[in-house]
Amino acid sequence: MSSSSASAFASQVRDRLADFSPVSLEAIGSQSSHDRCDTKFLLRQGQLPALLDALRQDYRVLEVGGERLHRYRTLYFDTAGFDLYQRHQRSSRRALKIRSRQYVDSGRSFFELKRKIGPRRTVKQRTETPDIVTELTAAEGTFIAAHARVNTERLQPTIWNRFERITLVCKTSRERVTLDVGVHFNIQSGGIRIPGVAVGELKQERFDRTSAFFGHMRSLGSRPTGFSKYCVGAVLLYPHLKRSQARPKLRMLAKLARGDRHAA
């Protein structure tokens, strides 16, 4: 997507978001769960404006500093041998991600551990930091040791990730929805972007197919799918990594980028 097309798309999305009732960061903090059931979806970016129109009655949108489309920066950590990547490839139900994340619009940063403890359940621990963490200190080492069995001395920065996110909060339950667009990955030698694709994630206390978001995704032909930004970024930027598990997702992303219907 050209810069002019990207700008036009962002304007179109902001126009749709202007019709949502807002919710504050303080209010969403009380509804946020770090032990939750996650369901991910992929869709064509071009489907997003119509989807937002359909969701407006059931959800409010997070607004921070007058913005409803929020910028995120993330730095992932792994070993030189990509042990955490390999662990995810062996079993996504035991996946562990270690990352530092900056919420650009609010100016807050957190160091986070995100663990899968089953087919859908996610548990996240995090601690606030003054800025995004680019080198692990004793403080991060102590935090990791308290929550996971990982040799922190072997961890190093591996991939930068940035994207823009819409966060929706259900009006009638503790359910939340995130929609990520403009996903970029970078390492020192270069970067890559996933064009034309939006990543949706439904976050619930318990898995519930009666969710309005779940129903709208089904009507768009988008089915629940496992999707890890970190794993996709790793396989795209580090060609030596084993990619057999990632190939179906890479094919799906390519189809969505081309605008194929029912690709997801």
Side-chain angles (χ1 to χ4, degrees), residues 13 16-17 20-45 47-48 50-64 68-70 72 74 88 91-97 99 101 103 106 110 112-126 147 161 163-181 183 197-232 249 252 264:
V13 167
R16 295 303 203 283
L17 293 176
F20 279 75
S21 300
V23 61
S24 68
L25 191 61
E26 291 74 22
I28 197 175
S30 67
Q31 292 183 259
S32 178
S33 173
H34 297 296
D35 181 353
R36 67 198 188 212
C37 186
D38 292 344
T39 310
K40 292 186 178 181
F41 300 84
L42 296 174
L43 65 153
R44 289 182 285 113
Q45 190 169 278
Q47 294 174 299
L48 196 52
L51 175 64
L52 291 172
D53 286 341
L55 295 174
R56 187 170 59 246
Q57 288 187 332
D58 297 294
Y59 297 87
R60 295 179 291 167
V61 65
L62 174 64
E63 181 176 291
V64 179
R68 298 183 174 195
L69 184 60
H70 305 292
Y72 282 57
T74 306
H88 191 285
S91 174
S92 61
R93 298 185 180 192
R94 296 180 58 251
L96 169 67
K97 297 184 182 72
R99 69 194 187 192
R101 171 163 285 179
Y103 299 77
S106 69
F110 293 86
E112 303 178 341
L113 272 67
K114 188 175 179 182
R115 295 181 294 123
K116 296 289 287 187
I117 56 172
R120 295 185 185 274
R121 204 86 201 165
T122 298
V123 175
K124 184 169 72 173
Q125 287 92 15
R126 69 179 190 174
H147 300 290
N161 169 227
F163 55 90
E164 292 183 293
R165 169 170 287 183
I166 299 162
T167 299
L168 304 177
V169 180
C170 185
K171 294 179 179 179
T172 58
S173 73
R174 291 175 59 85
E175 172 186 303
R176 289 183 297 130
V177 170
T178 58
L179 295 160
D180 298 344
V181 295
V183 179
V197 176
V199 182
E201 187 168 4
L202 175 62
K203 304 176 183 185
Q204 303 170 298
E205 292 185 319
R206 291 174 297 277
F207 179 61
D208 182 4
R209 292 177 183 271
T210 66
S211 155
F213 179 75
F214 198 107
H216 287 300
M217 294 307 293
R218 185 166 46 210
S219 70
L220 291 175
S222 179
R223 299 181 295 274
T225 183
F227 185 82
S228 163
K229 290 191 190 74
Y230 176 62
C231 289
V232 168
K249 290 294 179 296
M252 184 184 298

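These numbers were taken from a predicted model, which means no experiment stands behind them.
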**Asked** Sequence neighbours excluded, which residues qualify as salt bridge (Lys or Arg N to Asp or Glu O under 4.0 Å) partners of Arg218?
**Response** none
**Request:** Drop me the distance from Gln204's CD to Arg174's CZ, to the nearest 0.5 angstrom.
**Result:** 12.5 Å
**Prompt:** Of all residues at least two apart in sequence or in a different chain, which pass the ring-ring contact (aromatic ring centres under 6.0 Å, His included) check with Phe163?
**Reply:** Tyr72
**Message:** Nearest 0.5 angstrom please: Glu201 CD to Phe41 CZ, how far?
**Reply:** 10.0 Å
**Message:** For Leu52 and Leu179: C-alpha separation, side-chain torsions, deciding distance, then whether side-chain contact (heavy atoms from CB on, under 4.5 Å) applies.
**Reply:** CA-CA 10 Å; Leu52 291 172; Leu179 295 160; 4.0 Å; yes
**Request:** For Asp58, check side chain to side chain donor-acceptor pair (under 3.5 Å) against everything at least two apart and list the hits.
**Result:** none
**Asked** Would you say the side chain of Leu42 lies within less than 4.5 Å of the side chain of Val199, judging by non-hydrogen atoms?
**Response** yes
**Fill in**
Correct closest heavy-atom pair for Ala95 and His88 would be CB-CD2, 3.0 Å
**Prompt:** How would you list, by chain and number, every residue that makes a ring-ring contact (aromatic ring centres under 6.0 Å, His included) with Tyr230, sequence neighbours excluded?
**Reply:** Tyr76
**Prompt:** By salt bridge (Lys or Arg N to Asp or Glu O under 4.0 Å), which residues pair with Lys114, not counting sequence neighbours?
**Reply:** none
**Asked** Is there a salt bridge (charged side-chain N to carboxylate O under 4.0 Å, His left out) between Asp180 and Lys229 once you walk through the steps?
**Response** CA-CA 11 Å; Asp180 298 344; Lys229 290 191 190 74; 2.8 Å; yes
**Request:** Before accepting this row, confirm whether a basic side-chain N of the pair Lys40/Asp38 lies closer than 4.0 Å to the acidic partner's carboxylate O.
**Result:** no
**Asked** How many angstroms lie between OG in Ser211 and CG in Leu202, if you round to the nearest 0.5 Å?
**Response** 4.5 Å
**Request:** Check side chain to side chain donor-acceptor pair (under 3.5 Å) between Glu164 and all other residues, then give those that pass, not counting sequence neighbours.
**Result:** none
